[in-house]
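Remarks on the structure that follows.
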2 protein chains.
Amino acid sequence: MEPTIKQLRYLLSVSEAGSFRGAADRLEIAQPTLTAQINTLENKLGVTLLERSRQGAQLTPAGRSFVPFIETILDQVASIRRLADEADGSLIGTYRLGVPPTLGPYFLPEVVPTIHSSFPDLKMFVRENAPRDLEVGLLHGEYDFIVTTLPMEIPNLSVEPLFNEPLVLVCAPDHAFAQQDEVQPADLKGESLLAIEEKHRLFDLMQTIAAQFSARLLRDYEGTSLDTLRHMIGTGLGIAFLPALYVKSEITSRQDVKSMNFVGPSFARGVVLAWRPGSRRAELYKKIAEIMRAVSRKNLSGHVTLDMQITGYDGGRL
Amino acid sequence: MEPTIKQLRYLLSVSEAGSFRGAADRLEIAQPTLTAQINTLENKLGVTLLERSRQGAQLTPAGRSFVPFIETILDQVASIRRLADEADGSLIGTYRLGVPPTLGPYFLPEVVPTIHSSFPDLKMFVRENAPRDLEVGLLHGEYDFIVTTLPMEIPNLSVEPLFNEPLVLVCAPDHAFAQQDEVQPADLKGESLLAIEEKHRLFDLMQTIAAQFSARLLRDYEGTSLDTLRHMIGTGLGIAFLPALYVKSEITSRQDVKSMNFVGPSFARGVVLAWRPGSRRAELYKKIAEIMRAVSRKNLSGHVTLDMQITGYDGGRL
DNA sequence: TTCTATGATAGCTAAATACTATCACATAAT
DNA sequence: ATTATGTGATAGTATTTAGCTATCATAGAA
């Protein structure tokens, strides 16, 4: 029992034309059709909207009250039509990208300019979250695609591999390690090892490293962010293995912390681009992943490796 | 090929419910109906609006772009519904009243308060125009009802008589007439008689008076308004017969012009309320006319007379 | 008096909207 | 591994709506 857009348009057309026949001509419908539709609209609203005479028709005072609403509706409908027309062959809408805070700020600035060059019309809205929250959010429609780390917890998402990002040993300048050219695995035994909060998947890797080399994982001093970890390292609370892109961006140029050449097995986290299997934009996301790999290969080859293959959501486990 | 309000409402409902079945339940329609309507909407716009999966559905980035427009449309539709509901049994809308500038400002202030007491919900928008333009405009829908003077030029309008408004002789204080207690018709012979612009029906009456008493109608000094006439009278350019309500309002309390007791035949213009015969508000206008007569009888009886009967658009010719 | 223009009504058809029944598929529960 | 449950989609059908033509009643113009 609500009006239709056609009925509203018909009413305004009668008002403008000054008669049913004149309006019917403009609308390219038969005059009895117009009469019927206006009558139906008046019945739906329970208000007489037009005053009819042999000289034609015009809006009643009540009818005029509806005009601003009707004009707004028709204007918004025209906007929808225009937007739909513009959408043809273009990337309409704002795409929501989720990234881990331990990676996004140190990686996206490297690749976003190239993505924008390739897709000038693409609008992205970036939001950070822990990897498992990213994956759950992707599933629930909070993101359109995400950069996340392996191993993923949500199965059956579509995945494109990006790179492996090693972890780099970092200590204070006055730490014993800092006077050495390199650090041996045996050197880690008994060392205090700092780690990020447990909700970050990176924590798992840091815990694995601590266990493997019998270092003491300090649980009372978990960093809420990589920067917080850096500050704690600098004050001599302990040492830590930090992601290579973070080290490149925030450690290398500093005096209060030092990255070390750890001579031992390499630990790295796999980084992938993921989206929902049902997404109609799979090709777009694949292309974005290609760009991310290409830029990483060109600009970040000393910091990440790109030789991994993904065969399932468990893929990439080191 | 444009969207319907129902389809737009269906789309938002799926977005909010997170699934077709959930939305169908809320909308109280069958799920296949919803699926079909969304598919039709997507075909009309040529844009994929929803991403479907077994976990449910959510808007695509493109789909999200349409949401502000759709929300505005649905909000305006709700406003139309509310306005329609409020219209039940009330005087919805703004009624446009047309009045002659030689009468409206001196008459409406007398009656509008009483009209508002009787119809608190009535909104009137008053606009001035020359009588023949008022009548043409009424026919063309520019006014809903008008106060106009006789004789009317447009036939077959619905008319309610208000009153007869005499013309009163006015001259400068230093005019010879001002020293007399009364002015005889013979005194007018050869006198310079000022008149308002020809487009006002009042001009016709002023011309008739000049002819009947052999006064000289000054055509080079036509006043564009009654106030302009008053100024010219005050500077001694000539004398004039002015409407009684104007004289009451603007002459009686002044020192620079004087109204005279003209001992001769009375000249008056008939004043009526008119509206289109097809108007659905005839009863309202009749009641307004009754109020205007009652207020005139009570407050203006020394200035206008109310004994006239209208039998046609020529009625009231004196 | 006749012609022309107005809005309204009647009867009919095509298109749109809505239904039920059922399908294919994927995930959860057993 | 099997069964149950939930998802969106399809097929066939019924109902409603929108549109048509033909014609009406009425009023004003010619």
TODO: Sequence neighbours left out, what passes side chain to side chain donor-acceptor pair (under 3.5 Å) with Glu165(B)? Give chain and number order.
DONE: Arg269(B)
Who are the side-chain contact (heavy atoms from CB on, under 4.5 Å) partners of [X], not counting sequence neighbours?
X         : answer
Asp133(A) : Asn129(A), Ala130(A)
Pro101(A) : Glu128(A), His200(A)
Ala274(A) : Leu138(A), Ile146(A), Met152(A), Val159(A)

Table of protein N/O atoms under 3.5 Å from nucleotides 22-28 of chain C N/O atoms:
from, atom 1, to, atom 2, distance (Å)
dC25(C), O2, Arg54(B), NE, 3.3
dT27(C), OP1, Asn156(A), ND2, 3.4

Mind checking salt bridge (charged side-chain N to carboxylate O under 4.0 Å, His left out) for [X] and listing every partner two or more places apart, or none if nothing turns up?
X         : value
Glu283(B) : Lys286(B)
Arg21(B)  : none
Glu198(B) : Arg219(B)

Task: Shortest non-hydrogen contact between Leu12(A) and Glu71(A), atoms and distance - done: CD1-CG, 3.7 Å
Does [N] have its OP1 or OP2 closer than 4.0 Å to a side-chain nitrogen or oxygen of [X]?
X        : N       : result
Lys6(B)  : dA18(C) : yes
Thr33(A) : dA18(D) : no
Thr35(A) : dA8(C)  : yes

Open item on the list: Over the length of the helix from dT1(C)-dA30(D) to dT30(C)-dA1(D), how much do the five-pair end axes diverge, rounded to 10 degrees?
Closed with: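 Nearest ten degrees gives 10° for this helix.
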